[in-house]
Visitor: 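Got a structure here, written out as structure tokens. Questions coming.
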Amino acid sequence: MGKRTTRSHKTFLLIASILLLIFICIQFIRPEIKNPPVTADLQAPVPVKAIFQRACYDCHSNETNLHWFDKISPVYWRVAKHVETGREVLNFSSFNNLAPADQKGKLWEAFNQIALGAMPLKDYQFVHTSAKISAADLAILKKYLTEMAVKQKPEDTAKINALNKQSALLQSSAGASPLPTAPNGVTYIPDYKNWQPISTTERFDNGTMRVIFGNDIAVKAIKENHINPWPNGTIFAKVAWDQLAGKDGNIKTGAFKQIEYMIKDNKKYAATAGWGWARFKTPKMIPYGKNAMFTTECVNCHKPVANQDFVFTPPIKF
Amino acid sequence: MKKAIYLMASIALLVTACTENKKPADLLNQQASLPAGLNFSKMGFKVINSSINVKSNTMSTLYGNNTAQTNARSSTKLRPAGEIFALVTWKKQPDKHWFGANIPGDLQSLEMVKTTTSGTIYQLYKGQNLTLSTDTSLQQQRTRYILEQTPSIMP
């Protein structure tokens, strides 16, 4: 009896010391997290900036400030990865280098990632309790954004001219030149205008309005309530225009800004959340993205709605 | 200890990430949907434009049949018989998933304008069930408004 206890005790000690040894060894496997200089830090009112500094700067700036418990491997590896990708997609330390419109866009996106519970990352927030965003914080951010929202000027001549220029151009050039293709191989689909709109959007964050078209497969899926996940072959086309305010303040579509596609194919596009993404800008249909990695941006922003197959729009039945 | 918590949290997160997707019925925009019996999507309409009425807090989409759409797009403003326009209007509602966006809320009305050889016909359907309205007071004004619409640029 006593002998057996000592033996199992010994085995336990042996295993424990092996584990300890492994644990100590892995502490030396350390991806480095450097803090490069801050070149163009976010410019925002102090209370607004303080929220981002407290809850986001560990992963989205060059001022990463890790606690001792973040620095223990293997946890540390996960943290290092988060900091690396976090900085890649959004870095507040070089934020002011972005074009003003892009800065605004990122701030609205940041707010919505927080509001939808996607940021700060859940496991991080669990241990870094100080990173929690309170209702009061959200209210501060919301007020800041609301003041920043694009206000529409009635009969804005610059916008009217842009629209007229586009109309004239389209009237004169009904040519069928080769269709443009995005860096990930998705080609522009001109037939979208014959599809059903499944919804429309007024975007007061960036002063645009949109119509979201769905192809036949999408419309059928809506009719039959098979929309989570959407069937392969579903295509959405989202068209965005400038808002153009009339004399009475009512808003029409102005110049065409861009068209975006999402093409469902859970095998072909498995690496990008099951959708083929593409964006073409201006009536010239200039493909967006330097290389195929542009889809990261699309997927990341659509990620908070991953539980509805990455689709934001609640479709309307027609 | 904290390390253990972080690890456990990561695992918990992985588990919750795999939880069930939302049900399709909750994902539809029911309040904005058109009555099922109408079969609007089978009427062969295409989008002409989209607009927002600030004062009445509504948003609208204008449709047309092929004749209407072609004429609205061409620069010669012909008005032959056989055009059908349909203007669907919704109350706006904030998008639950995106602060910064408004989307269609309660269905408010459907207005139809048809051009015939003996003039135009205007019909107004109101409410969630789109019941035909007998109110003709704004008929002329609305007909003119709808026929004057310019199409959105769709290259």
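Labels below follow one simple rule: chain letters A, B, ... track the order of the sequence lines, proteins then strands, and each chain is numbered from 1. Just so it is clear, the structure is predicted and the values come from calculations on it, not from any experiment.
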Visitor: Given heavy-atom pairs under 4.5 angstrom as the criterion, report whether the side chain, backbone, both or neither of Met59(B) touches chain A.
Guide: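 The side chain, not the backbone.
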Visitor: Identify which part of Glu109(A) has an atom lying under 4.5 Å from any heavy atom of chain B, answering side chain, backbone, both or neither.
Guide: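 Contact with chain B involves both backbone and side-chain atoms of Glu109(A).
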Visitor: By a 4.5 Å heavy-atom criterion (distance strictly below it), what part of Tyr63(B) contacts chain A: side chain, backbone, both, or neither?
Guide: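 Just the side chain, heavy atoms under 4.5 Å.
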Visitor: Taking side chain as everything from C-beta outward and backbone as N, CA, C, O, which of these in Leu244(A) sits under 4.5 Å from a heavy atom of chain B? Side chain, backbone, both or neither.
Guide: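 Neither part, no heavy atoms under 4.5 Å.
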Visitor: For chain B, find which of Lys142(A), Lys252(A), Gln166(A) contributes the most heavy-atom pairs closer than 4.5 angstrom.
Guide: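 Of the candidates given, the most pairs with chain B belong to Lys142(A).
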Visitor: Between Phe213(A) and chain B, with a heavy-atom cut-off of 4.5 Å, which part of the residue counts as in contact: side chain, backbone, both or neither?
Guide: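 Only the side chain of Phe213(A) comes within 4.5 Å of chain B.
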Visitor: If you count heavy-atom pairs within less than 4.5 Å of chain B, which of Trp241(A), Phe204(A), Phe256(A) leads?
Guide: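 Sorted descending by pairs with chain B, the first entry is Phe204(A).
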Visitor: When you compare the side chain of Pro314(A) with that of Leu28(B), does any pair of heavy atoms fall below 4.5 Å?
Guide: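 No, their side chains stay 4.5 Å or more apart.
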Visitor: Checking Phe111(A) against chain B: side chain, backbone, both or neither under 4.5 Å from a heavy atom?
Guide: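 The answer is the side chain of Phe111(A).
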Visitor: Just checking, is any N or O donor in the side chain of Asn206(A) or Thr208(A) under 3.5 Å from an acceptor N or O on the other one?
Guide: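 Per modelled atom types, Asn206(A) and Thr208(A) side chains form a pair under 3.5 Å.
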Visitor: Taking Trp195(A), Tyr192(A), Phe280(A) one by one, which has the highest count of heavy-atom pairs under 4.5 Å against chain B?
Guide: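 The option with the most such pairs is Tyr192(A).
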Visitor: Cut-off 3.5 Å, side chains only: do Lys223(A) and Ser41(B) have a donor facing an acceptor?
Guide: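 There is such a pair (donor and acceptor under 3.5 Å, judged by atom type) between the side chains of Lys223(A) and Ser41(B).
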Visitor: What residue in Pro315(A), Ala149(A), Pro283(A) has the most heavy-atom pairs under 4.5 Å with chain B?
Guide: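 The option with the most such pairs is Pro315(A).
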Visitor: Does anything in residues 46-56 of chain B reach chain A? List residues with heavy atoms under 4.5 Å apart, or say none.
Guide: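 The residues closer than 4.5 Å to chain A, in numerical order, are Lys46(B), Val47(B), Ser50(B), Ser51(B), Ile52(B), Asn53(B), Val54(B), Lys55(B).
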Visitor: Among side-chain atoms of Asp135(B) and Ser137(B), is any donor-acceptor pair under 3.5 angstrom?
Guide: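 Looking only at side-chain atoms, Ser137(B) and Asp135(B) do form a donor-acceptor pair, the distance falling under 3.5 Å.
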Visitor: Would you mind telling me which of Ser60(B), Ser152(B), Ala36(B) has the largest number of heavy-atom pairs within less than 4.5 Å of chain A?
Guide: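 The candidate making the most pairs under 4.5 Å is Ser152(B).
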Visitor: Where on Ile103(B) is there a heavy atom nearer than 4.5 Å to chain A: the side chain, the backbone, both, or neither?
Guide: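 It is both, since atoms from each part get that close.
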Visitor: Counting heavy-atom pairs under 4.5 Å with chain B, which one of Leu163(A), Val211(A), Asn194(A) comes out on top?
Guide: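 Sorted descending by pairs with chain B, the first entry is Asn194(A).
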Visitor: Given side chains that start at C-beta, do those of Asn39(B) and Phe318(A) come closer than 4.5 Å, heavy atoms only?
Guide: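 No, every pair of side-chain atoms sits at 4.5 Å or beyond.
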Visitor: Please look at Tyr188(A) and chain B and tell me whether the side chain, the backbone, both or neither of the residue comes under 4.5 angstrom of a heavy atom of that chain.
Guide: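 Contact with chain B involves the side chain of Tyr188(A) alone.
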